[in-house]
Amino acid sequence: MIIVENGKLVKREIKGEGDRQDVRAQGQAAAVSCCGDTCSEREVNCIIECLNLSTERHPAAMDYYYDVVGITDPRWKKEMLEFVKVVDYHLYKLRNAHKRGKKIGLCNFNCPTEMMIAMDVVPTVSEILASLNAIIWSGGAEHGIDYCTEIGLPETMCSAQRAGLGEVFSDRAIAPDFVSSIAPGNCDTNAKIVEFLSEYLHLPYITIDDPPYQDEDGYDYIHQEYRRLISFMETQTGHKLDLDRLLKVCKESKKCDEYIVGIRELKRAIPNPVPNISIMCECGSKFMAGGTPECTNAIKTIYEQAKERYKRGEGGGGWAEEKVRCYFGYIDYYLPHFASWTELQNEGVSCLGNMLLCYGNDDYTIDLSHVDSMIDSLADQAFNFPMTRQLNGPYDAKASLMEDVVRDCKDLKADCIIFSGHPACKNAWGCVNVVEKAVTEELGLPWLTVEADCFDERVLPWSAINDKIMEFVNTVVL
Amino acid sequence: MSEVVERSTAMEKLSEPAEVLFNSYVKSWKDQGKKVMGYTGLYIPEEIIYAAGILPFRLRGTGATKTTGADSWYGPVNCSFAKCCLELVIDGDYDFLDGGVISYECDHMHRLYDTWRVGAPDKVPPFFHYYPLGHTMHTENGLKLFTVETLKFIKHLEEQFGAKITEEGLKDAIAVYNETRNLLHKLYDLRIKDEVPITGTETLGVIVAAVSMWRDEYNRLLRELIDDLGEIEGISCSDKPRLMIVGSLNDDPALVKLIEDAGSVVVADSWCFGARYFWDLVEEEGDPLHDILTRYLNNIPCPRMFGHYSERWQFLIDTAKRANVDGVILENIRFCDMHGTDNTLFENDLKKEGIPSVNIEREYGPLSDAGRIRTRVQAFLEAIKR
């Protein structure tokens, strides 16, 4: 139990409910003591709820401690606390969905949540659950991953889905009422495990097919596919799309997009005023709760904090000077206690971004003029969401991974590129050497490909990944 | 050598293409100055290529004994089939192709379009086409996308080869290819008899030949073979378990031979070099292009068609029951998550039906893990016999 008096923390009570509860209580105590008196009661409770997650498992006391140290690092505490609030909001919505008569819909990170929220459906995102598990406690993703293997899924499938959906299969996380996937056409393994989920748990399923080209036919196709999704959700929820609600969500999303574009502009500055860990806060918020004020607030905070640093001429790493500007050509490492972001930051490596920071808002905005324009805009965003956009056709097609890497590296003045080769991603691995050749020939930047699992340290621990990156930085880049 | 090969010249002739990539039929075709088009997967309508007077040749990895060149372009988690295909391209084994068309069959194979162009730029044939495919069946939108992309393919084909693909040409092609399908149905009906006149090993060779030689010649040989089989005494299955094989692509008869040599007879399959290649016919009454595309899109689905597990399962269980199998071998090439995942569901559902199964992960290629597979198959057969 957490006790707050006069806005100050804190006291806790151990009630002797057994070892597990005791560990949890110790962890909560660690969390509270680390928060100091600069966190509000709500913030402390959000942190604890966030660390407990929606599963039955709880991290050990030391996990709490390290997480709270990461969250409350004064260099990015404001951004992190807003992100924690988004997680808390997300978990609260999930836990209370059925009590409130709402359906829970599964979507993947590569499909915006806006339409589900407009349909008054609570979105749950398997990769978010996987990431939170993997970040919050040591070995946190292992249970879900191993459970999937236990029930017979190939161990070559993506840990980003296995870590999250394994918790659902094992009944440790809240199961959705229906599932949707926009992965067909950009990730077989992602699309397949969602299909498996629907078969395994007998859940209604819809697939939104990702067309191969960003041309008129492609956009026409995705517009129709998106309407199939709406029709499917109308059947599942038993109600029609509420146009006022759609407008509200679109307006909120549009507002958020302006901050996202602003953050991107700030990253052009040298030093980069946006901390590495903001990548997680930004895309995590967007993937979990895009279209909600909570998401907008979190992203607005990242923008405002970075703008303040920019005005002061400071980098996002505070005392850690920016030595190298690094672009991740794929995704980050979601490993315990935010280590991948904070340790690189502390070593002077500024992470400019990765393929996840692409939400289809670069070239256009949501057209609010009428219903069809809003639906088409959201479909266009879905078509341009990470992975959906980048891996759905030949490597040199319009809006491909290669195009985005080249554009971002030029735009953000990157010194090097790191491809965090994730074992499951057959599509990216199928083109990475081709893309590397094309990108390095065009940009002349050094490129490092790391073979490690982005969610599972058993494949390669963070310490070893970090060594590889720093060796590359110190011997090749600098 | 089985009795079939000994007594049927047609069988002997149809066995060759599975063993040799640039087989004597393709050589003879090329000697006549005619064109060959390499293609991937089950979703590229062969009738269209045929109607252009070009030999459709399904890309395979037959004969690849290494993947050192392909490993430079593919990643460590890509499937060995895609790598073997690329390796053969790099080594010049596909130099006989005048064209190539790569579809989005799966994440591994669609990248062949990239790795081929960048990894072996001097081996890219004059015609090289990326053929996108949707992932949904029975939807108007899916058929529309397929039609749009097919029209692009036809236009490209006509421009490159100066061919004209007419409605009449497509109707002729449908008739020829439907004849193949009907003949293969007859062959598969023979396979499920109590006394099996043709082994699984031989059947696979026959299917591989279908996609590796000119269709008119193939149909002629297939008719001969079916006639020959009517006169052959079949293999008694009284002491050999009857098996069905389901899973990832296999074009290598040696894999089936290994399974049959362990003491079984393979009487049915759900393979893309198998039943799933020919099962459904093209309608012959309406607009030929529409009918072709409808058939290809809605044929027994590959696991790449998401949301259609129930149709795949229905096909499996219907086939298993019709063929009266004693067990099912589920197999997938390593990193083929699509078949691997389906196999997990199949395994559970087969258990409910009381049909024994074994789930084997393997590599594509020259039986690099033959010993391991043999041991697992032997153990499975022992379990069935008990």
Side-chain angles (χ1 to χ4, degrees), chain A residues 151-158 181 183-196 198-200 205-213 217-218 220-221 223-225 227-228 391-397 421-435 437-438 449 451, chain B residues 71-79 82 102 104-119 130-136 139-142 144-145 148-149 152 303-310 313 332 334-345 347-349 359 361:
Chain A
I151 62 174
L153 283 166
E155 46 87 25
T156 56
M157 293 190 87
C158 184
S181 172
N186 51 68
C187 180
D188 289 339
T189 185
N190 189 323
K192 203 66 196 171
I193 199 166
V194 174
E195 184 194 50
F196 179 88
S198 85
E199 292 291 336
Y200 196 77
Y205 168 86
I206 186 164
T207 174
I208 312 158
D209 199 15
D210 178 16
Y213 287 122
D217 292 330
D220 183 43
Y221 188 70
H223 292 168
Q224 297 309 315
E225 288 294 288
R227 280 168 175 76
R228 284 204 307 117
L391 292 173
N392 64 349
Y395 85 101
D396 49 357
H422 183 58
C425 192
K426 286 84 183 175
N427 202 358
W429 269 113
C431 70
V432 63
N433 294 322
V434 170
V435 171
K437 182 174 185 291
T449 296
E451 288 181 35
Chain B
D71 286 334
S72 303
W73 298 104
Y74 271 114
V77 296
N78 290 117
C79 99
I102 312 293
Y104 199 138
E105 186 184 349
C106 66
D107 288 346
H108 308 274
M109 283 306 287
H110 98 110
R111 288 297 177 201
L112 187 61
Y113 184 70
D114 296 332
T115 52
W116 190 328
R117 286 183 298 151
V118 179
Y130 184 78
Y131 199 138
L133 297 168
H135 292 77
T136 53
T139 70
E140 202 180 307
N141 206 30
K144 188 178 160 193
L145 177 80
V148 166
E149 293 302 333
K152 287 180 194 168
R304 73 175 296 284
M305 303 304 263
F306 301 104
H308 299 283
Y309 170 77
S310 58
W313 163 248
N332 71 285
R334 184 161 171 78
F335 303 120
C336 177
D337 295 334
M338 297 210 285
H339 280 286
T341 304
D342 263 19
N343 286 350
T344 303
L345 293 168
E347 200 171 11
N348 293 341
D349 287 336
N359 200 341
E361 188 181 73

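Each chain gets a letter, A, B and so on, in the order the sequences are listed, and its residues count up from 1.
Side-chain N or O atoms of D188(A) include one that pairs as donor or acceptor with a backbone N or O of D107(B) at under 3.5 Å.
Using a 4.5 Å cut-off between heavy atoms, Q224(A) contacts chain B through both its backbone and its side chain. E225(A) touches chain B through backbone and side chain together, each having a heavy atom under 4.5 Å away. I193(A) does not touch chain B: none of its heavy atoms, backbone or side chain, sits under 4.5 Å away. Heavy-atom distances place the backbone of N392(A), and not its side chain, under 4.5 Å from chain B. If you measure heavy-atom distances from E149(B) to chain A, the contacts under 4.5 Å come from the side chain alone. Looking at Y74(B), both its backbone and its side chain come within 4.5 Å of chain A, counting heavy atoms on both sides. Of the two parts of D217(A), only the side chain, counted from C-beta on, holds a non-hydrogen atom closer than 4.5 Å to a non-hydrogen atom of chain B. Residue D349(B) does not touch chain A at all, counting heavy-atom pairs closer than 4.5 Å.
Ranked by heavy-atom pairs under 4.5 Å with chain A, the list G340(B), G307(B), P303(B) is led by G307(B). Counting heavy-atom pairs closer than 4.5 Å to chain B, the top-ranked of the candidates A397(A), G152(A), A183(A), G185(A) is G185(A). When I151(A), V432(A), L391(A) are compared by the number of non-hydrogen pairs under 4.5 Å with chain B, L391(A) comes out ahead. Per-residue counts of heavy-atom pairs under 4.5 Å with chain B were compared for C187(A), S198(A), A424(A), A438(A); the largest is that of C187(A). For the set P211(A), G218(A), C158(A), G393(A), the entry with the most heavy-atom pairs within less than 4.5 Å of chain B is G393(A). Contact count versus chain A (heavy atoms, under 4.5 Å) is highest, among R304(B), R117(B), E361(B), K144(B), for R117(B).
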Query raised in the report: Which is it for Y205(A) and Y309(B) under the side-chain contact (heavy atoms from CB on, under 4.5 Å) test, yes or no, and what are the steps along the way?
Result: CA-CA 11 Å; Y205(A) 168 86; Y309(B) 170 77; over 6 Å; no
Report task. Please test R111(B) against V434(A) for side-chain contact (heavy atoms from CB on, under 4.5 Å), starting from the C-alpha separation and ending with a verdict. Result -> CA-CA 10 Å; R111(B) 288 297 177 201; V434(A) 170; over 6 Å; no
Report task. Show your reasoning for whether salt bridge (Lys or Arg N to Asp or Glu O under 4.0 Å) applies to K192(A) and D342(B). Result -> CA-CA 9 Å; K192(A) 203 66 196 171; D342(B) 263 19; 3.1 Å; yes
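To the nearest 0.5 Å, the span separating CE on M338(B) from NZ on K426(A) amounts to 10.5 Å. The CG atom of N348(B) sits 11.0 Å away from atom CD of E199(A), with the distance rounded to the nearest 0.5 Å. Once rounded to the nearest 0.5 Å, the distance linking CZ of F335(B) with CE of M157(A) reads 13.5 Å. To the nearest 0.5 Å, atoms OG1 (T344(B)) and OH (Y200(A)) are separated by 10.0 Å. L345(B) CG to L153(A) CG: the interatomic distance, rounded to the nearest 0.5 Å, is 8.0 Å. Distance check, rounded to the nearest 0.5 Å: OG1 of T341(B) to CZ of F196(A) gives 7.5 Å.
The shortest side-chain heavy-atom distance between D209(A) and F306(B) does not fall under the 4.5 Å cut-off. Between Y221(A) and V148(B) there is no side-chain heavy-atom pair separated by less than 4.5 Å. Counting heavy atoms from C-beta on, the side chains of T207(A) and T136(B) come closer than 4.5 Å. The shortest distance between side-chain heavy atoms of P212(A) and H110(B) does not fall below 4.5 Å.
No donor-acceptor contact under 3.5 angstrom links the side chains of S72(B) and N433(A), judged on distance only.
The two residues E195(A) and H308(B) have their closest heavy-atom pair at OE2-N, 3.4 Å. Contact record, C425(A) with V77(B): O-CG2, 4.4 Å, taken as the closest heavy-atom pair.
Counted within 6.0 Å of NZ on K152(B), heavy atoms from surrounding residues, nucleotides or ligands total more than 12; the atom is thus considered enclosed.
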